[in-house]
Amino acid sequence: MEKTFQPSDIEQNWYNTWEEKGYFAPSGEGDSYCIMIPPPNVTGSLHMGHGFNNAIMDALIRYRRMQGRNTLWQPGTDHAGIATQMVVERQLAQQNITRHDLGRDKFLEKVWEWKEQSGGTITRQIRRLGSSVDWSRERFTMDEGLSNAVKEAFVQLYDDGLIYRGKRLVNWDPKLHTAISDLEVLSEEEKGSLWHFRYPLEDGSGHLVVATTRPETMLGDTAVAVHPEDERYQSLIGKQVRLPITGRLIPVIADTYVEKDFGSGCVKITPAHDFNDYEVGKRHNLPLINILDRDAKILSEFTVLTFEGYESQHGEKAPEAYAGMDRFEARKKIIAEFEDAGLLEKIDPHTLKVPRGDRSGVVIEPWLTDQWYVKASVLAKPAIEAVEDGRIQFVPKQYENMYFSWMRDIQDWCISRQLWWGHRIPAWYDNQGNVYVGRTDAEVREKYNLGADIALRQDDDVLDTWFSSALWTFSTLGWPNNTTELKTFHPTDVLVTGFDIIFFWVARMIMMTMHFMKDEQGQPQVPFKYVYVHGLVRDGEGQKMSKSKGNVLDPLDIVDGIELETLVQKRTTGLMQPQMAKKIEERTRKEFPEGIASYGTDALRFTFCSLASTGRDIKFDMGRVEGFRNFCNKIWNAARYVLMQCEGQDTGANNESVELTLADRWIISRLQHAEQEICRQLDQFRFDLAAQALYEFIWNEYCDWYLELSKPVLWDDTASAERKRGTRRTLVRVLETSLRLAHPFMPFITEEIWQRVAPLAGVKGDTIMLQPYPAPDAAKIDEQALGDIEWLKGVILAIRNIRGEMDISPAKPIPVLFRNGSAEDQRRAESNLAVLRSLAKLESMTWLGDEEPPMAATQLVGELEILVPMAGLIDKEAEVARLSKELDKIAKEVARVAGKLNNESFISKAPADVVEKEKAKLADASATEAKLKEQLDKIQAM
RNA sequence: AGGACUAUAGCUCAGUUGGUUAGAGCGCUACCUUGACAUGGUAGAGGUCCCCAGUUCGAAUCUGGGUAGUCCUACCA
């Protein structure tokens, strides 16, 4: 074995072996356990969030697989309608082609081509993380099976009256020419202005002032609103205003929506271009005037509609100068015109939230269009109940509130998108504009009794990507067919996801699943029983990682390492804002002056698990990764030691008789404790505590103590064969078990070592992956061994403390005297002579009787005094200082506990066992204090 | 504006139902290349548990009120 652990030597080989041998597929035996991977965007590549997500899911799935469950972890990607279409369109643009040049079918061919070539980046990367997903069942939302499921779901929902088509205001992306959902709109504060315009009153009695952040929409104003109780404007209500530029007459209305204190207290109402104004318009039955085209340019002829039926009533010519003008150009011109006409009262600087498309970055327009909607409120009801009654549990629980608050105020879900890449809506129109929904053209004709002579045209739009993702848990298992996979693995067990997509995905998945999936009693099935929600991975300074900030980390760069120059280049290419490059470079050079070292997958995964506590976000600390890389190395070297001691030796693999030492019985006992703790924590999703328990057991108990305790036995030429065999057997068995315990967290290193250790432990098998997960056995806990080794550790630590504080070379053997010990102390000392001598590096050990002890440095372990004679070793001043420090500490403790016990109400009100404990504490501390004091006096008297 | 979450060592974080001498890793100090490991060992320093009040015999932990930060939702045209 190499002297240090080299992860790159082993990781890919083991992954290939596991995958080739089919170890990731369900075993077909045992109770099922299923996790569906949240499908990453097919255009995407690995980021830290995926790394975190995968570390947790793989830990869960490997844990359950080893426990004998019939595990399915199913991978796949979604087709990411907008993102993918953008990627391909950008490529076409480089050849000066638009998708319209190609036409729909040709364009889709191009998209598929692109998907075949580069769509698999992220799945290849997931392999590097060691994720044990069943690749044979990989799914893609545009696959045939899933496409059928989407069609089926749409038709059924339509037939159930839960999908409708209607004209509504939507978030319109004028660059991408599609509707997008609320959740794809990011509103950030930006600096703008509040323009105060004078609108002249029709009766010539003057003007009123409206304030607006979007002057260009005034072309579509259909009213001015004031608060009904605003005294300033009572007389205006019901009057008419002559809208400048257009000359249109509009009423002054009263509505409580208006804030009296904001701006002028008068609000211009543009129902076709603002969500709030839309509601006001509806209440007052105002006309809606649409002034923008799909590019958000001013129409040459506005469309005027009413709320009744949304039918276009008539057109209205735009002021000529504005026709075809971009919205922001129009804004400038309108302001100028107001100014020229003396109607611009003032301009106040104003910060406002500007809605932008998360993909395109352009300002989103509320725009009136025909779209398809899902009646979410109906579907939400059972979905809320499932969480209320615990059929679905969120971990941590507080996310349930977030879920409820969203679900209880849910809006209908706009599912149509004006894109080409996606599932085309299974709806057809005749020439009269009647709509027919069915799975195919033929089905529609039959269902609606339409003759072959009637021309039908399919809806051009596609469905929101999340519509298909919402079906993910069951569509990927074969729905609408009633497959054995569905029967076996649905409902799935856990969904692991970031809190940011609870609304995006989780809620919709619950709604859809419960509508379509019923159990044998006809009751709705939930998609999963637990939703494990983890936080965002942030950079070391707590900043959100983003390409534009240039602080993203690729988990594989931590696995493989990366040179500084390469990292700088990676972070500064392909930026949306190239001017940021310089800043990003500086920052990167400062943060990683040496680049990033190679830490290996196991260390990275262990880090993620260690950070997976219940808090919201994770500040990623490279120091932790390094620490866990060292932990891997520690395991590696422990294994090296064990193999050096045991390979080719008698390890009792065939159940030969053995003698187990105190140390053997102790480490076996501690192992039971570790097993219990790790399972307990994993069962409640506390990956951090499980990882910590594992770390402590392996490093602080097995390596620090047990391996050291094994040396005096193995190096003792006089030790019996049974004794040596017992020690070797324990070394090997405990290591083999520890590897199994660690495997879900660190799959690669554990497999590599296990292959060599397992035979020595008499364990047969091709892979650690399919070995049973360790389970604690109370019968193996030896209380006496636990007590004795604790005592032994105390004595050794006491001696080491004297050594350290007195600056005695660790290489120098020292004599030690014991005094005043109990019979138990004597027994323990005598049965551990060799160990004490070896671990504390003793020259001699002597029990003192009643004789006067020599001048010595002293430590106490309970009643037992441990003395290191001063002659030639101990400096008086140093010992005085050390004792004074000890004494100080213990005096404080005595005072504290005594104070407690002197408190009458403590004695009378605290439970008896607590009082007893405090009394014992005081007795111990006082005795120690007295002894230390005596010792200090003696030394000072020298 | 409403809501949620967070505040513990220089840094990143644990701390179960109130009873600990408040812990870990990294970093820091001193010493040590001893036959698994310097990606190591040994010993150590380091804390007003954000502040104030309350409940209690007893509060990092429970309650109330502040302060600071993060996030979400709704937004003021």
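In the text below, chain A, chain B and the rest are named by the order of the sequence lines, each starting its count at 1. Worth saying up front: this structure is predicted, and the values here are computed from it rather than measured. Worth knowing before you read on, the calculation uses all heavy atoms, side chains too, and leaves out hydrogens, waters and symmetry mates.
Remark: A:K711 qualifies as a cation-pi partner of A:Y641 under the 6.0 Å distance and 45° angle criteria applied to the six-membered ring.
Between the side chain of A:E259 and the base of B:rA1 there is no donor-acceptor pair of N/O atoms closer than 3.5 Å. On a pure distance criterion of 3.5 Å, no polar donor-acceptor pair joins the side chain of A:R800 and the base of B:rU42. Judged by atom type and distance alone, A:K3 does not reach the base of B:rC37 through any side-chain donor-acceptor pair under 3.5 Å.
Between A:L797 atom CG and B:rU42 atom C1' the separation is 10 Å, expressed in whole Å. Atom OH in A:Y399 sits roughly 11 Å away from atom C1' in B:rU6 (whole-Å rounding). Atoms CG (A:N637) and C1' (B:rU39) sit 9 Å apart, rounded to a whole Å. A:I814 places its CD1 atom 13 Å from the P atom of B:rA43, with the value rounded to the nearest Å. Note: CZ (A:F685) to C1' (B:rU16) measures 18 Å, nearest angstrom.
Distance from the side chain of A:R640 is smallest to B:rA36 among B:rU21, B:rG25, B:rA36. Nearest nucleotide to the A:Q692 side chain, out of B:rG40, B:rA24, B:rG44: B:rA24. Picking from B:rA77, B:rC13, B:rC57 the nucleotide with the shortest atom distance to the side chain of A:T212 gives B:rA77. For A:W699, taking side-chain heavy atoms from C-beta onward, the closest of the listed nucleotides B:rG41, B:rA36, B:rC5 is B:rG41. Among the nucleotides B:rA45, B:rA14, B:rU42, the one closest to any side-chain atom of A:D704 is B:rU42. Out of B:rC31, B:rA14, B:rG19, the shortest distance to the side chain of A:F906 is found at B:rG19.
Both A:N700 and A:R686 lie near RNA chain B, and the one whose nearest nucleotide falls closer to the 5' end is A:R686. Each of A:D274 and A:G627 was assigned the nucleotide of RNA chain B with the nearest heavy atom; the assignment lying further toward the 5' end belongs to A:G627.
Aromatic ring centroids of A:F608 and A:F620 lie under 6.0 Å apart. Taking the six-membered ring for Trp and the full ring otherwise, A:Y695 and A:F628 have centroids separated by under 6.0 Å.
Among the heavy atoms of the strands, none lies under 4.0 Å from A:F631. Within the nucleic acid shown, A:N801 comes within 4.0 Å of sugar-phosphate atoms alone, with no base atom in reach, counting heavy atoms only. Among the heavy atoms of the strands lying under 4.0 Å from A:E708 is at least one base atom, whether or not backbone atoms are also near.
Salt bridge annotation for A:R214-A:E365: present, with a cationic side-chain nitrogen under 4.0 angstrom from a carboxylate oxygen.
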Using Watson-Crick and G-U wobble pairs whose two distances are both under 3.5 Å, how do you write the pairing of RNA chain B as dot-bracket, with | for links to another strand?
-> (((((((..((((.....[...)))).(((((.......))))).....(((((..]....))))))))))))....
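Between the side chain of A:D617 and the backbone N or O of A:L536 there is at least one donor-acceptor pair closer than 3.5 Å. A donor-acceptor pair is defined here as one N or O able to donate and one able to accept, closer than 3.5 Å; no such pair exists between the side chain of A:R629 and the backbone of A:D602.
Annotation: B:rC5 and B:rG15 have their P atoms spaced 15 Å apart (nearest Å).
Side-chain atoms of A:R538 and A:Q543 include no donor-acceptor pair closer than 3.5 Å.
In this pair, A:W715 lays its aromatic ring flat on the base of B:rG35, centres within 5.5 Å and planes under 30 degrees apart.
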